[in-house]
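In what follows, a single structure is set out as structure tokens and then discussed.
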Amino acid sequence: MSAIRILLLGILNDKQPRHGYEVKQILESWNADKWANIGYGSIYFSLKKMAEEGLLTILDDQGGKQDKTVYQITDSGSSAFMVMLRKQWLELKPSVDPFQVALTFMQYLPKDELLTALEHRADTWRHVIKTSNRILPMALRNMTLPKHIDENHKLILAHYQTELEWIESAIEKVKNDELP
């Protein structure tokens with residue numbers, strides 16, 4: 001199941017017709033590219049494909065321009081969305097992180113290079129967390145985002161913080177020759 005499909009159907013599930021650009025703006029305001037692994041370029045293709053499948057209907061097509069085509073969810077699309085939504089709540093699907101792949105082979109890096117890499121990653125997370133903690137509350141105050149989107153951002157920050165704590169612990173283990 002594609003994250004983009006459930007996001008698009010979910011946005012349109014309120015039965016309000018929207019054009020592709022408006023859907024894209026909503027996803028951008030949610031920072032969906034950060035937590036849903038979607039590319040904004042795939043929005044128009046996915047909307048068109050779901051219209052072909054009968055999940056969406058095209059209410060107005062302004063000369064074939066993708067960002068001017070107005071979509072509305074069909075009953076079939078709403079049903080499909082609810083099936084996907086329920087599945088998402090019940091499914092535990094780990095994400096693939098290139099960092100974990102690199103960790104698998106940490107023993108091949110010299111100790112000083114491994115420490116440098118871990119410290120760089122820790123510094124990067126510290127910067128991201130600090131910036132997010134400073135900017136996000138200001139941005140959320142100036143937007144009218146649903147509260148659940150704010151909670152989504154808090155979950156992302158909690159993941160960042162957890163990884164940072166793990167890295168800091170791993171740095172100490174590498175320094176003490178307990179890793180790799």
Is the count of non-hydrogen atoms from other residues, nucleotides or ligands lying under 6.0 Å from N37 atom CG greater than 12? no
Any idea which heavy atoms bring A122 and L164 closest together, and the distance? O-CD1, 3.5 Å
Say you draw a straight line from CD1 of I167 to CD of E163; how long is it, rounded to the nearest 0.5 Å? 4.5 Å
If you count every heavy atom of other residues, nucleotides or ligands that lies below 6.0 Å from D75 atom CG, does the total exceed 12? no
How many angstroms lie between CD in E52 and CD1 in I58, if you round to the nearest 0.5 Å? 8.0 Å
Qualifying residue, where the test is side chain to side chain contact (heavy atoms under 4.5 Å, CB included) with H127 and the options are D123, I129, T131: T131
Between R126 and E168, is there a salt bridge with N-O shorter than 4.0 Å? yes
Do we get R18 above Y71's six-membered ring, with its NZ or CZ under 6.0 Å from the centre and within 45° of the axis? no
Is it the case that more than 12 heavy atoms not belonging to F105 sit under 6.0 Å from its CZ atom? no
K24/E28 salt bridge by N-O under 4.0 Å criterion: yes
Would you say T74's side chain and L55's backbone share a donor-acceptor pair under 3.5 angstrom? yes
Output the distance between atom CG (L114) and atom OH (Y108), rounded to the nearest 0.5 Å. 14.0 Å
Where do K15 and Q72 come nearest, in terms of heavy atoms and distance? O-NE2, 2.8 Å
So, does H153 use its side chain to make a donor-acceptor pair with the main chain of W30 at under 3.5 Å? yes
